[in-house]
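Note on naming: letters A, B, ... go to the chains in the order of the sequence lines (proteins, then strands), and numbering restarts at 1 for each one. Atoms considered below: every heavy atom in the structure, side chains included; atoms not considered: hydrogens, waters and symmetry mates. For clarity, every value in this text was computed on a predicted model and none was experimentally measured.
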Number of protein chains: 2
Amino acid sequence: MTTINDIAKMANVSRTTVSRALNNNGYVSEDVRKRIMKIVEDTGYMPSVSAQSLRTKRSGVIGIILPKISTETSSRVVKGINEVVSKEGFQILLTDTELDKRKEVEYIRLLQSRQVDGIILLATNVNEGLLNVIKDVKVPFISLGQELPNVTSVVYDDYHAACDMTNLFIQRGHDKIAFIGVGEEDPAVGQTRKQAYMDTLKKNGLQVKDEWIHEGGDFSIESGYESMKQILKKSEGNPPTATFVVTDRMAIGAMEYLKEQGYRIPDDMAISGIGAAVMSAYITPSLTTIDYNNKEAGRLTAQLMLDKLNNKKVSEKSTLSYRLISRDSV
Amino acid sequence: MTTINDIAKMANVSRTTVSRALNNNGYVSEDVRKRIMKIVEDTGYMPSVSAQSLRTKRSGVIGIILPKISTETSSRVVKGINEVVSKEGFQILLTDTELDKRKEVEYIRLLQSRQVDGIILLATNVNEGLLNVIKDVKVPFISLGQELPNVTSVVYDDYHAACDMTNLFIQRGHDKIAFIGVGEEDPAVGQTRKQAYMDTLKKNGLQVKDEWIHEGGDFSIESGYESMKQILKKSEGNPPTATFVVTDRMAIGAMEYLKEQGYRIPDDMAISGIGAAVMSAYITPSLTTIDYNNKEAGRLTAQLMLDKLNNKKVSEKSTLSYRLISRDSV
DNA sequence: CTGAAAGCGCTTACAG
DNA sequence: CTGAAAGCGCTTACAG
């Protein structure tokens with residue numbers, strides 16, 4: 001492999017000078033610079049990142065911890081982040097917890113040993129252990145999607161989004177509105193969205209019935225299917241006429257069950273999701289949902305990360321806007 | 001930061017011994033080993049990967065070059081790869097070309113400068129420049145999804161899959177079968193699948209009409225929509241009764257156009273895709289497609305990579321099997 | 001404008 | 001069983 005020493009010899013200068021020419025830092029005569037650059041070009045020389053990183057304590061890598069690598073949300077966020085950081089010469093190192101809490105902690109450690117310059121976490125749950133580990137992280141750290149205490153957080157406006165969606169049902173004349181959620185370990189999705197739903201019902205003098213509320217076991221389509229089934233079973237005799245589901249995938253599962261049972265959507269049951277999955281536009285009927293603009297969230301998070309890396313002050317909490325997409329399912 | 005020297009001091013041994021204890025290589029008395037491990041535990045020490053990598057020329061990282069990070073195919077493949085390599089302590093470094101040919105070359109270089117131990121490329125196009133750069137790669141290299149000359153390749157059985165799909169239409173009584181493809185720069189998708197379609201038609205004595213063939217500009221839903229529109233326009237008076245689309249997303253776009261125009265699927269037009277996108281199962285009517293089992297492809301590729309890293313011989317070409325999923329659109 | 005020297009944190013022959 | 005020393009490929013004060 002070509003090293004900086006090889007280049008130095010070929011150019012008849014010291015490696016110090018080569019380094020300066022390469023990094024545009026310190027004086028190098030135009031003559032020498034050209035000679036060096038020509039050789040670099042010809043040989044296709046690329047500095048060893050390990051050596052640079054060992055020496056400078058900077059790796060040019062941002063670590064990202066994803067709950068699941070193969071979801072649209074993750075993909076969009078990563079894309080947004082990449083768009084911003086790649087322009088500044090940063091690489092991204094992706095890790096996937098597969099929704100395993102222990103892996104979150106493990107990866108935070110691992111990423112640090114890999115000398116990443118910063119860490120972005122897309123958490124799906126919040127617990128004491130996680131918070132403790134984060135406290136000891138020595139590089140810039142940002143949470144995306146969940147608000148963590150004393151951690152720079154970029155969050156979606158889950159509360160108002162869910163209020164708006166619930167209100168949409170009410171405006172359309174529904175007063176029996178069911179809810180399909182997820183567990184409370186996920187504050188953003190499991191708690192905030194549910195709270196907004198309940199608050200909005202109460203504010204409108206509507207009853208919140210336990211039979212109309214169900215939490216899916218996970219975020220899967222199947223889980224939505226199963227939840228809808230449970231709600232219909234529990235509420236026999238007094239079924240809801242609308243169901244607010246906290247994610248598109250689960251909503252699609254719920255629709256699937258309704259279709260199987262011969263329900264017409266939205267006539268017999270109106271339904272909505274959150275997330276603006278591509279699928280939501282192509283399913284029949286098309287799904288009313290909320291677009292969180294994940295890519296923009298990724299961009300913003302990346303920008304905050306760059307700011308932190310440049311020792312700029314950044315606000316501890318950024319809340320993103322959203323867009324309600326009204327389609328045929330409501 | 002804690003370094004190996006700190007640990008050595010705390011344990012009253014040399015860093016040589018600490019290194020040996022950590023890597024389980026060479027003799028260390030049980031006594032000393034325990035003492036060291038305890039301290040490592042307590043301090044949460046993790047060796048600097050940069051230093052290790054600089055010293056050993058191994059980084060424990062496999063670089064992956066993706067055409068697009070936010071597609072189901074990519075996600076599944078990555079998942080499969082990750083599953084296998086993470087067990088052996090390897091990390092994955094993901095790069096995204098965003099379908100830009102120059103970036104493929106750029107990333108191959110970049111990954112090498114990052115001292116990755118191996119590179120996996122999911123190519124969408126093959127050209128001389130790319131081949132030349134690959135020739136000079138000094139680490140194990142595998143191509144997934146495209147067969148590259150003199151490069152270890154893991155490929156899908158595009159030819160037979162496309163034959164099977166075309167035959168399915170024929171079995172259902174269609175003799176006017178259209179084709180929506182992509183450009184020829186992508187040999188697997190743009191050439192092989194098309195060739196299989198044409199061969200199958202000919203073998204069955206059916207005519208291959210230019211008006212029934214259209215190439216989309218990219219892999220998008222919109223591109224499928226537009227292609228269907230073009231075919232219907234060009235073939236007015238003698239329209240096809242079935243359309244074989246080379247990807248699910250494009251097929252969904254094509255369906256969208258057909259629905260808008262009042263076509264009943266499959267009665268007025270049968271349609272099929274390839275890829276087994278999640279969406280394909282939930283769209284109405286559900287889409288007949290081919291499951292390439294991308295995750296398994298990822299796993300196999302990863303295994304081959306590990307074999308290469310262990311200097312085992314691996315076969316230059318592996319062809320994966322597939323599964324035709326017959327649903328309601330045909 | 002340029003170079004010699006130190007040092008980043010490791011691993012690995014080599015010697016004992 | 002253990003340690004001193006060299007060296008991986010860089011960058012950065014320091015000196016000239």
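Among residues at least two apart or in separate chains, ring pair (Phe, Tyr, Trp, His ring centres under 6.0 Å) pairs with a member in residues 121-156 of chain B are B/Tyr156-B/Tyr292. Sorted by first and then second residue, the salt bridge (Lys or Arg N to Asp or Glu O under 4.0 Å) pairs involving residues 134-156 of chain A (not counting sequence neighbours) are A/Glu147-A/Lys317. Counting only residues at least two apart or in different chains, salt bridge (Lys or Arg N to Asp or Glu O under 4.0 Å) contacts with residues 60-84 of chain B comprise B/Glu72-B/Arg76, B/Glu83-B/Lys295, B/Glu83-B/Arg299.
Under the 4.5 Å side-chain criterion, counting only non-hydrogen atoms from C-beta, B/Ile134 is in contact with B/Leu121. Residues B/Phe219 and B/Thr71 have side chains not in contact (no heavy-atom distance under 4.5 Å, counting atoms from C-beta outward). Using a 4.5 Å cut-off on side-chain heavy atoms (C-beta onward), A/Val61 and A/Asp117 make no contact. You'll find the side chain of B/Pro149 reaches within 4.5 Å of the side chain of B/Leu131, heavy atoms only.
For DNA chain C, runs of at least 3 consecutive pairs of the Watson-Crick or G-U wobble type, with both hydrogen-bonding distances under 3.5 angstrom, map to C:1-3 with D:14-16, C:5-12 with D:5-12, C:14-16 with D:1-3.
When the side-chain nitrogen and oxygen atoms of A/Ser53 are compared with OP1 and OP2 of C/dC8, none of them lie within a distance under 4.0 Å. The shortest distance between the side-chain N/O atoms of A/Thr17 and the OP1/OP2 oxygens of C/dG3 is below 4.0 Å.
Of the residues near DNA chain C, A/Val28 and B/Ser50, the one whose nearest nucleotide (by heavy atom distance) lies more toward the 5' end is A/Val28. Comparing B/Leu54 and B/Tyr27 against DNA chain D, the residue whose closest nucleotide sits nearer the 5' end is B/Tyr27.
A donor-acceptor pair is defined here as one N or O able to donate and one able to accept, closer than 3.5 Å; such a pair exists between the side chain of A/Thr95 and the backbone of A/Ile64.
In this structure, the separation between CD1 on B/Ile92 and CD1 on B/Ile120 is 7.0 Å, given to the nearest 0.5 Å. Taken from CG in A/Leu22 to CE in A/Met46, the straight-line distance is 9.5 Å, to the nearest 0.5 Å.
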Reading nucleotides 10-16 of chain C from 5' to 3' and marking B where a protein heavy atom lies under 4.0 Å of the base, S where only the sugar-phosphate is that close, and - otherwise, the string is BBBB---
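What separates CD of B/Gln115 from P of D/dC8 is a distance of 14 Å, to the nearest Å. Regarding A/Lys57, its NZ atom lies at a distance of 14 Å from the P atom of C/dG7, rounded to whole Å.
Within a heavy-atom distance below 4.0 Å of DNA chain D, no residue of residues 31-44 of chain A is found.
A donor and an acceptor atom, one from each side chain of B/Asp307 and B/Gln303, are located under 3.5 Å apart.
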